[in-house]
Amino acid sequence: MTESSFDRLNRREFLKLGATGLGCAAFAIPGFAGETKGHEAEYYEKLKDGKIKCHICPQECEVTNRERGTCGTRENRDGKYYTLVYGQVAAANIDPIEKKPLFHYHPTKKAFSIATPGCNFICKFCQNWEISQKRPEQVKTVEFSAKNVIFNARNRHCPIVAHTYTEPVIFFEFMRDCAMIGKEAGIPNVMVSNGFIQEKPMRELCRHLGAVKIDLKAFTDDFYQKICGGKLKPVLDTIRVVKEEGIWLELVVLIIPTLNDSPREIDQMTKWIYRELGPDVPLHFSRYYPTFMLQNIPPTPPETLYRCRKIALNNGLNFVYIGNILTEAANTYCPHCGSLLIERAGFAAEIVGMKKNRCAKCGQLIPGVFD
Amino acid sequence: MNFSRREFLQRCVNSMAYFTVSSAFPRVFARPIKAASRVVEVRDDKLKRVGDDVNPEAAGRMLNRALQKLMQANSDLSAWKSLFNPRERVGIKVSCLPGRKLSSSVGLVHAIVEGLGLAGIPAKNIIVWERTARELKEAGFSLSRRGVRVAGTDEYPNGGYDNRITFAGSVGTCFSVLMEKVDAVISVPVLKDHDIAGISAGMKNFYGAIFNPNKYHGNGCNPFVADLCTHPLIRDKLRLVVLDASRLQLQNGPAFFHRYAMEYGGLVLGTDPVAVDTVGWHIVDRERVKKGLKTLKQVNRLPGYIATAEKRGLGHMQGAYIDRIIL
């Protein structure tokens, strides 16, 4: 018998594999998980003939035996529904909280940031598609318990844990457990999400989370359907629920030229935010860069972002930021006297004009969670 | 787009020839010529599964008989040789998601490998593959690195998928590296009902060749299955479809349900994936009706992606263009 010709590597593949091997050897962590393990999922309904209906997100996937939902992370195994990503961490980093971005939530602090593979959307512009769009078995993961996440955060001097990079809704059970333990330990958890989650699980999360950042991808259902594989209304519903539950909330809109940058759409969106959430919800307009499946549109011109910001400010919003470019529009100014409160450059931030949660100059109360 | 001098001259000559001939014979060239696609269906009690597998010898006899008819060849040797070149590397894409009871049968795959051997393809240039090694093992295949390779995409570096995003109509994805490593592909799925897509057959089998199939199950997988199959990696490499209909699943697929499974003892072969899937669909519908079930149309699960595939030029769906031969 001769060796199969399908295992031969070319020089480039050989070198890459060698480098990967060395990397793995250098950073090996016990519990490296190569196969998909199962942890029974929550929020699902058993249908007839062994089928399952998932109620974690508004996709409401009906899943037959051995199949998975749109997220690729929840599997029907003989009529029982399993999440394959509980504790399967594909990325763990220490980030400034400004990177989420959460600008009014413990500014300048570090967040122990984690993600598992998978997402319930298929955003054509996803920056993290190499973990968000893959199935669990296609991504290298490290196994963490919820306790271990909080332990790691504390050990690394991070007062916050962020569930981010991919879509935390699909690892709901793990995030919820981390948030529960974190709350008891004094390490709040934050969720960086697309907001595509059903009301019940979202309300349950709100009991344990410290803050939520939601990506409002656009203000048209057409964009949500064609570019993200989702729907607008459930996201707006989630935003309302988070506000109603009193959790600190910030919104981000990635502005993509020609797709969601029309002045009319931004006007409607910011009027809705003002009407439903009030003037004090921070809103971030971020610059898009070509990536994943959206390579044919150039990066957002800075002028477009300034124009969006102007519309939002004119519609009464007090804290409108611009992200992914270096600009003074990333600073926080007092809405009453205009003083500089927090200065930011990239992800670096410095509190320069605040006393506790008030403007140092005029005493104006600044909404948010400050130390 | 860059052409070499040779390619440029070749294209000029081709264009001139086309315009000259088409102006001389406008009726002939006014519309594309539609040659009928041959689909061969063979059915025999010996092809029914014993336990969860078919007898490889019986499968081999039926397969070769059907292939001779399909290729209009007068021997097994010439039939296989008319499809494959001895220097090619051939991938056999099996379907193993539902476990042993409803996966591509090992005996049939064994017979296909023997046939490729007849065509002069060395064992080391044949690979039997599926998404994961686990699925292959659960379906009864023995993973192998020597001789005929039996492997899951996940055994290859970086999860086994190319890291470049590639597009095919509405589908954006990364392919299994195995699709790039082979010169020709044989699609060997189990013919079955599919709760979302209507049926799962030769074309949908390629959902197992991409990294994000879960993103393309909306709207009965239409147009996604068809779009995916327009990708050159599939369109240009798919050489033969062999539907394993030894055991059919008529309802509640793709999982195995004893109540809706039947021992059919059949194979469906063709080189036109649209025509083969069309015949497969008709078989499922016919057997559903015999069992007292409604047709897929009546239960609102028409496999619409087949019609889309025809519109994309991947093959024929209309009966008039399918030369269906039943052995």
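Sequence lines set the chain letters: A, B, ... in the order given, protein chains first and strands last, and positions in each chain run from 1.
In this structure, the side chain of B:K215 engages the main chain of A:F121 through a donor-acceptor pair within 3.5 Å. Proximity of a side-chain donor or acceptor of A:Q138 to a complementary backbone N or O of B:F211 within less than 3.5 Å is detected. Side-chain atoms of A:R66 do not come within 3.5 Å of backbone N or O of B:A255 as any donor-acceptor pair.
For the atom pair CG of B:N214 and SG of A:C119, the computed distance is 10.5 Å after rounding to the nearest 0.5 Å. With rounding to the nearest 0.5 Å, the separation of OG1 in B:T173 from CD in A:Q133 is 10.0 Å.
Contact of A:N120 with chain B is made through the backbone alone, with heavy-atom distances under 4.5 Å. Looking at A:K124, there are no atoms closer than 4.5 Å to chain B (heavy atoms on both sides), in backbone or side chain. For B:E180, no part sits under 4.5 Å from any heavy atom of chain A, backbone or side chain. Contacts between B:R131 and chain A at a heavy-atom distance below 4.5 Å involve the side chain alone, from C-beta outward. B:F256 does not touch chain A: none of its heavy atoms, backbone or side chain, sits under 4.5 Å away. Contact annotation for A:T70: both backbone and side-chain heavy atoms come within less than 4.5 Å of a heavy atom of chain B. In this structure, the portion of A:C71 lying under 4.5 Å from any heavy atom of chain B is its backbone and not its side chain.
Closest of all the heavy-atom pairs between B:Y216 and A:I122 is OH-CD1, 3.5 Å. The minimum heavy-atom distance linking B:P254 with A:T64 is given by the pair CD-OG1, 3.5 Å. Across all non-hydrogen atoms, the minimal contact from A:D49 to B:F257 is O-CZ, 2.6 Å. Across A:R135 and B:P213, no two heavy atoms sit closer than the pair NH1-CG, 3.9 Å.
The choice from B:G159, B:P98, B:P122 that makes the most heavy-atom pairs within less than 4.5 Å of chain A is B:P98. Of all the listed residues (A:E62, A:E130, A:Q59), the one sharing the greatest number of non-hydrogen pairs under 4.5 Å with chain B is A:E130.
More than 12 heavy atoms of other residues, nucleotides or ligands shown are found within 6.0 angstrom of NZ on B:K237.
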